[in-house]
**Q** 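This is the structure, below, for whatever I ask next.
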Amino acid sequence: MDSLKTASKTNEEYFSVIKMASPAGCEHYVRSCLLKAPCCGKLYVCRLCHDAEENHQMDRFKVREVQCNECHTVQQAQQTCQQCNVQFGEYYCDICHLFDKDKKQYHCQPCGICRIGPREKYFHCEKCNLCLAQDLRGNHKCVENVSRQNCPVCMEDIHTSRIGAHVLPCGHLLHKTCFDDMIRTGAYRCPLCMHSAWNMQDQWEQIDQEIAQSPMPTEYRGATVRIICNDCQAHCTVPFHVLGMKCGGCGSYNTAQDGGLIQQNPPQQTELSKVKFVQHGLCIEI
């Protein structure tokens, strides 16, 4: 009796997993098979479905067996079912064991994973250790192994993420979605190095106009301050203004104040600035 209950429970667990699959695959991939997880032996449509349900992660590279969605035959991982000849995926990588519809994917050996192509539109930067769009060839700042760091906004992995990466002028990476969210909140600097996240020339010219139309009060005219520029790393002394301090090197307003105000010309005391007050019945000027 106990053996029947155990068998019944096993069948329920089996069919609960099967319900996650369909000829169309899952929310992550379009495929017609289940992967047998090498870690726990359970069947899942993909590693992401597995990781969402289990307390451990599936190693995609160690997958050895799959189960056909049509005939339920468990077999060696391959593109076509050995029993009913159903194609498990238009694209199949026998390294990553990735089954999916054709998105012009290709396996990048240096990256160690599959990328969405087409291949001819991308190149692998040896120093960044990442596939980048061809228009960035010779046109980006290299940061060694940059994609091996987590996204500084969401703190999730970038290298193996299914979300595209955005390359900032400083060379650091963000998820494309995180970059878009950052712009919507009004942030304009790299979260890691504070360098401007895009060409801010139009914004700097607008601040120039606002400063020209907003002179500082008399007591602050001539006051200067030391700054550090987050864009060119210059250290310089510039006029103080509440709307921003402009770098004398590159013209950026993405600067940080380094120390207090330097009064070049302290305000002179005038007759109008004298104050009278009464102390012990005497009128005293100061």
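Source: prediction; values computed, not measured.
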**Q** If you take all heavy atoms of Asn199 and Gln201, which pair is closest and at what distance?
**A** OD1-N, 3.0 Å
**Q** If you group Ile, Leu, Val, Met, Phe, Trp and Tyr by side-chain heavy-atom gaps below 4.5 Å, do Met245 and Ile207 land in one group?
**A** yes
**Q** Answer yes or no: is there a side-chain heavy-atom contact under 4.5 Å between Ser252 and Cys232?
**A** no
**Q** Look up atom SG in Cys154 and atom CG in Asp181, then write down how far apart they are to the nearest 0.5 Å.
**A** 9.5 Å
**Q** Rounded at 0.5 Å granularity, tell me how far CG in Asp157 sits from OG in Ser147.
**A** 8.0 Å
**Q** Out of curiosity, Leu35 CG to Cys49 SG, how far, rounded to the nearest 0.5 Å?
**A** 9.0 Å
**Q** Quick check: closest heavy atoms across Ala77 and Tyr92, and the distance to 0.1 Å?
**A** O-OH, 3.5 Å
**Q** Please check if the side chain of Thr185 supplies one atom and the backbone of Met182 the other of a donor-acceptor pair under 3.5 Å.
**A** yes
**Q** In sequence, state the C-alpha distance, the side-chain angles, and the governing distance for Glu70 and Cys33, and then conclude on side-chain contact (heavy atoms from CB on, under 4.5 Å).
**A** CA-CA 8 Å; Glu70 295 295 325; Cys33 66; over 6 Å; no
**Q** Could you give all pairs that pass the ring-ring contact (aromatic ring centres under 6.0 Å, His included) test and reach residues 149-173, with sequence neighbours left out?
**A** His166-Phe179
**Q** In chain order, what residues pass the salt bridge (Lys or Arg N to Asp or Glu O under 4.0 Å) check against Lys104, with sequence neighbours excluded?
**A** none
**Q** Can you see whether Phe88 has Arg31 sitting over its ring - NZ or CZ less than 6.0 Å from the centre and within 45° of the normal?
**A** no
**Q** Is there a donor-acceptor pair under 3.5 Å between the side chain of His241 and the backbone N or O of Leu243?
**A** yes
**Q** Tell me, do Cys81 and Gln75 make a side-chain contact under 4.5 Å, heavy atoms counted?
**A** yes
**Q** Would you name the heavy atoms of Pro169 and Ala197 that are closest together and state the gap between them?
**A** CD-O, 3.2 Å
**Q** Is there side-chain contact between Ile113 and Arg60, with at least one heavy-atom pair below 4.5 Å?
**A** yes
**Q** Checking His107 against Cys96 for the side-chain contact (heavy atoms from CB on, under 4.5 Å) test, could you report, in this order, the C-alpha distance in whole Å, the side-chain angles of both residues, the deciding distance, and whether it holds?
**A** CA-CA 8 Å; His107 183 86; Cys96 299; 3.5 Å; yes
**Q** Counting only heavy atoms not in Gln57, do more than 12 sit closer than 6.0 Å to its CD atom?
**A** no
**Q** Check the surroundings of atom CD in Gln76: do more than 12 heavy atoms from other residues, nucleotides or ligands lie under 6.0 Å from it?
**A** no
**Q** Cluster question for you: counting only ILVMFWY and a side-chain heavy-atom cut-off of under 4.5 Å, with indirect links fine, are Met194 and Val238 together?
**A** no
**Q** In the structure I gave you, are the side-chain heavy atoms of Cys26 and Cys46 within less than 4.5 Å of one another anywhere?
**A** yes
**Q** Should the ring pair Phe240 and Tyr220 be called parallel, tilted or perpendicular, given that the plane angle runs from 0 to 90° and is split at 30 and 60?
**A** tilted
**Q** Could you check whether any side-chain heavy atom of Ile227 comes within less than 4.5 Å of a side-chain heavy atom of Asp258, counting everything from C-beta outward?
**A** no
**Q** In terms of hydrophobic clusters joined by side-chain contacts under 4.5 Å, are Val66 and Met58 together?
**A** yes
**Q** Has Gln105 got a side-chain atom pairing as donor or acceptor with Lys101's backbone, closer than 3.5 angstrom?
**A** yes
**Q** Does Lys246 pair with Asp208 as a salt bridge, N-O distance under 4.0 Å?
**A** yes
**Q** With clusters defined by side-chain heavy atoms of hydrophobic residues (ILVMFWY) lying less than 4.5 Å apart, directly or transitively, does Leu173 cluster with Leu136?
**A** yes
**Q** Checking Tyr122 now: which residues fulfil side-chain hydrogen bond (donor to acceptor under 3.5 Å, both in side chains) with it, not counting sequence neighbours?
**A** none
**Q** Do NZ/NE/NH1/NH2 and the carboxylate oxygens of Glu90 and Lys103 come within less than 4.0 Å?
**A** no
**Q** Using only heavy-atom distances, determine whether the side chains of Asn69 and Ser32 contain a donor-acceptor pair under 3.5 Å.
**A** no
**Q** Kindly determine whether Ser196 and Trp204 satisfy side-chain contact (heavy atoms from CB on, under 4.5 Å), including the steps that lead there.
**A** CA-CA 11 Å; Ser196 294; Trp204 301 157; 3.8 Å; yes
**Q** Does any donor atom in the side chain of Glu54 or Tyr44 lie under 3.5 Å from an acceptor atom in the other side chain?
**A** yes
**Q** Would Leu132 and Val167 satisfy side-chain contact (heavy atoms from CB on, under 4.5 Å), going step by step from the backbone distance to the final call?
**A** CA-CA 9 Å; Leu132 299 172; Val167 184; 3.8 Å; yes
**Q** Evaluate the side-chain proximity of Tyr188 to Asn254: yes if any heavy-atom separation is below 4.5 Å, no if none is.
**A** yes
**Q** When you compare the side chain of Glu144 with that of Asn129, does any pair of heavy atoms fall below 4.5 Å?
**A** no
**Q** Same cluster or not: are Val63 and Leu98 linked, directly or through other Ile, Leu, Val, Met, Phe, Trp or Tyr residues, by side-chain heavy atoms under 4.5 angstrom apart?
**A** no
**Q** As an exercise, state the distance from NE2 of His140 to SG of Cys128, rounded to the nearest 0.5 Å.
**A** 3.5 Å
**Q** Does the structure place the NZ or CZ of Arg162 under 6.0 Å from the centre of the six-membered ring of Tyr29, at an angle of no more than 45° from the ring's axis?
**A** yes
**Q** What distance separates Leu43 CG from His72 NE2, expressed to the nearest 0.5 Å?
**A** 11.0 Å
**Q** Short question: side chain of Asp100, backbone of Val30 - any donor-acceptor pair under 3.5 Å?
**A** yes
**Q** Specify the closest pair of heavy atoms between Ser214 and Glu210, including all atoms of both residues, with the distance to one decimal.
**A** OG-O, 2.9 Å
**Q** Under 4.5 Å between any side-chain heavy atoms of Lys42 and His50, yes or no?
**A** no
**Q** What are the two closest non-hydrogen atoms of Gly89 and Phe99, and how far apart are they?
**A** N-CD2, 4.3 Å
**Q** Could you state the interatomic distance from CD (Gln206) to OH (Tyr253), rounded to the nearest 0.5 Å?
**A** 11.0 Å
**Q** Taking the side chain from Glu156 and the backbone from Cys151, do they hold a donor-acceptor pair closer than 3.5 Å?
**A** no
**Q** How about CZ on Arg226, more than 12 heavy atoms from neighbouring residues, nucleotides or ligands closer than 6.0 Å, or not?
**A** no
**Q** Please report the shortest heavy-atom distance between Pro191 and Val153, naming the atom on each side.
**A** CG-CG2, 4.1 Å
**Q** Regarding Arg184 and Asp180, does a basic nitrogen lie under 4.0 Å from an acidic carboxylate oxygen?
**A** no
